[in-house]
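Before any comments, here is the structure.
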10 protein chains.
Amino acid sequence: MLFKVEMTVNIPPDMPVTTATEIKAKEKAYSQALQQEGKWRHIWRVAGLYSNVSIFDVKDADELHEILMGLPLYPYMDIQVDALCRHPSSIRNDDK
Amino acid sequence: MLFKVEMTVNIPPDMPVTTATEIKAKEKAYSQALQQEGKWRHIWRVAGLYSNVSIFDVKDADELHEILMGLPLYPYMDIQVDALCRHPSSIRNDDK
Amino acid sequence: MLFKVEMTVNIPPDMPVTTATEIKAKEKAYSQALQQEGKWRHIWRVAGLYSNVSIFDVKDADELHEILMGLPLYPYMDIQVDALCRHPSSIRNDDK
Amino acid sequence: MLFKVEMTVNIPPDMPVTTATEIKAKEKAYSQALQQEGKWRHIWRVAGLYSNVSIFDVKDADELHEILMGLPLYPYMDIQVDALCRHPSSIRNDDK
Amino acid sequence: MLFKVEMTVNIPPDMPVTTATEIKAKEKAYSQALQQEGKWRHIWRVAGLYSNVSIFDVKDADELHEILMGLPLYPYMDIQVDALCRHPSSIRNDDK
Amino acid sequence: MLFKVEMTVNIPPDMPVTTATEIKAKEKAYSQALQQEGKWRHIWRVAGLYSNVSIFDVKDADELHEILMGLPLYPYMDIQVDALCRHPSSIRNDDK
Amino acid sequence: MLFKVEMTVNIPPDMPVTTATEIKAKEKAYSQALQQEGKWRHIWRVAGLYSNVSIFDVKDADELHEILMGLPLYPYMDIQVDALCRHPSSIRNDDK
Amino acid sequence: MLFKVEMTVNIPPDMPVTTATEIKAKEKAYSQALQQEGKWRHIWRVAGLYSNVSIFDVKDADELHEILMGLPLYPYMDIQVDALCRHPSSIRNDDK
Amino acid sequence: MLFKVEMTVNIPPDMPVTTATEIKAKEKAYSQALQQEGKWRHIWRVAGLYSNVSIFDVKDADELHEILMGLPLYPYMDIQVDALCRHPSSIRNDDK
Amino acid sequence: MLFKVEMTVNIPPDMPVTTATEIKAKEKAYSQALQQEGKWRHIWRVAGLYSNVSIFDVKDADELHEILMGLPLYPYMDIQVDALCRHPSSIRNDDK
């Protein structure tokens, strides 16, 4: 099942730089592992913002929840979730 | 350049069914032609709503504008546009 | 999979009474058939409003979409959808 | 009487982990005791968020208020309350 | 049980004056009958607006719903409902 | 003159319990004194929230302002004020 | 007592020009009479909008309500009302 | 040129009382000097709120900006600015 | 004086095409005449929307108001106005 | 490609003055260098606010993102981005 997730990161300005760097590195590794598995299908940066638009391909809402709760930056994020379904005009078989 | 576009269609309940059917058919053909050209990369339905989430890959904002203005359903749509850029964590070379 | 759907009905004041009565009867029959099948698990009225809170138990987002698009009152509704998952504190096995 | 309550938890990122763990354990025990009594009828997690959708079955608004004020996580919650009533289309006798 | 209900009336400017006068007269009679019964405890006009703030004292949410649905002006109203309970600082025994 | 005032209290979670208890006791005494004088006509709790709906009967806006500024919890409150007037359908002579 | 009132006029584009001209002339005469009496103290246009910011000096909320309900353009207006009081820093004795 | 400016002051509850008293005294002196000069034409308190509605009469937007930036309470304020012009119905020559 | 004005055009879908074409032609001529005079300094299209961002250079708010009220499409527009002043970091002498 | 960017700066009131002065000086130098290069075409102050309206002329969304992320005040900013395109009524060849 596909979900669109929009994440906005709000790192407090007084977080020590080394802490921020470390969390961001963990976040990147976590995201890339899920991309390799095919569960985090797409991730784009929104121009000018510390936000991303992502497409997840997971078994169900429970799996999505578990993945998002595991995000190292989760405590600093605002998150919006929309369930997607196949669009009748789509010509891409895998955009189900 | 990539843009995320979210479209919500509000067809007036009193539009004759044949008119609605005709416009939707034109919309579908228009969308599929642009998908074939690679300019309309993705289109997903938002579950439960007459809305879609789309990703466009165009030369610039002018080309995006021209494409959206040509949508047969444009007069009945609410539209939101966000410019996207490559996310530093992305492992997909074409999600630039 | 479970979804919470909130529906608000806005019937135009100038719709003929017989038309409104007929659509509402179709809506009720449609809803009750889906409740019998176990797909529309719960429906409650929000006090004072022409709105309901519903819980759907469907295979996936596509099935939910198909069900909602078939609602006789759909053209007059505002709809909000949230995907649900099992809550770790829940003691009801079927509220997964 | 039935109420829908939506709770969103905002635990400050600088709360010590042991404190957070302890409060969450108390919250879980508190919720499960009320579920056993039949007063907290349903609790679902909203996918991807630290939020839940709950249905309470209480004598009146005073009892609801007392229950919610007793939530161990209450000081960190945003809460929305809607009074529900039986829906004329419902086929479940206990969803009154 | 007490509820605060805020009602805003939006009569379309093209409604014939006689129709509007008739509905408003019915609304007034309906409201005053419920005030006589003690179910519509208070009604105040919001200064400058075609809105009121009302306090209802009813058996439960179902009774409130039935009363509001019977308002002659209901099809032209926006309505907000909040369940109230006794405030611990109140010195009025009947503001339970 | 009558005003509806809605107050929502946001006490910071890190306020010492004794401080909070002391301020709340002062708030209660302050409110009850004004209720005795007839200036704070009604106070109800909004179910599930640390909010109240109040009706004030004061000489003018200046007196209302002075009363609200004197609330011990004022620094922690969000406040909304609406001027009320007699509703033409009201049957209560003192709900002027 | 002083009130700030903000009015935004939404005349439907299909209103006949003569009707609009006539209502606007009545509105102007109505406003100027109240200005002459000293009840409508100030009226300013918001630059670029069909909106005004006005200050009323009336006996109480009931008088304000009666005045606003009498506005010839009232059926086409969105209105916001705020009760004002004397500011402790003001040096103008009549801006009470 | 005239501007309406609405200012809401949010003084943090933990600011020492002497600091707050000192800033407010400076704010009052600053405001009264500008009122004497005729640049800060009106200032009213919004009933029940730590907010004011002000009318400024300045040469242009640059002068307004310089004045507002000089407010001792500026760092604690939310501010809204609207440019005003003479209303065609106004009978006061100086409300240009 | 400079103002930023954002205009969004909402032409009703049932306006005859010839009427729409005629109004748009008048709008274009009106805009270009003001651009020639130097009063309408910039106009950009917002990508994907029937909206523009414009910068006006006018004597004062009254002149801006008169210009905007003269827009042939004004009855179909939503408009937002912000007064601008010279930015201390600007290196363009005419962006005053 | 052109983008409109609106930036609102929220410097915490407890930031030491020397720190704030230093960051603002860096911000000014950074902005002026980009203006010299022609990439930051316009910057205006919004009257009365610590906000600016800017027009950027960049190769694409990636270049815009890199520029904005480099702003010394970025951690204290709220930012809104809109992609612009040439307006068909524009007479300025470089406002493409």
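Lettering follows sequence order; numbering is per chain, from 1. What's counted below: heavy atoms across the whole structure, side chains too, no hydrogens, waters or symmetry copies.
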What's the shortest heavy-atom distance between F:Tyr74 and F:Leu68, and which atoms?
CD1-O, 3.2 Å

Is the shortest distance from a Lys or Arg side-chain nitrogen in F:Glu6 or F:Lys4 to a carboxylate oxygen in the other one below 4.0 Å?
yes

Rounded to the nearest 0.5 Å, what separates atom CG in F:Asn10 from atom CE in F:Met15?
11.0 Å

Looking at OH of F:Tyr76 and CD1 of F:Ile11, how far apart are the two atoms once the value is rounded to the nearest 0.5 Å?
7.5 Å

Give the interface residues of residues 27-63 of chain G toward chain F, defined by a heavy-atom separation under 4.5 Å.
G:Asp60, G:Ala61, G:Asp62

G:Thr21 side chain vs G:Val17 backbone, donor-acceptor pair below 3.5 Å:
yes

Would a 4.5 Å heavy-atom cut-off, applied to side chains only, mark F:Leu64 and F:Val5 as touching?
yes

Verify side-chain contact (heavy atoms from CB on, under 4.5 Å) between G:Met77 and G:Thr8, making sure each step is shown before the conclusion.
CA-CA 5 Å; G:Met77 280 181 176; G:Thr8 298; over 6 Å; no

Within residues 80-92 of chain G, contacts to chain F at heavy-atom distances under 4.5 Å involve G:Ala83, G:Leu84, G:Cys85, G:Arg86

What's the separation between atom CG in G:Leu71 and atom CD1 in G:Ile23, rounded to the nearest 0.5 Å?
12.0 Å

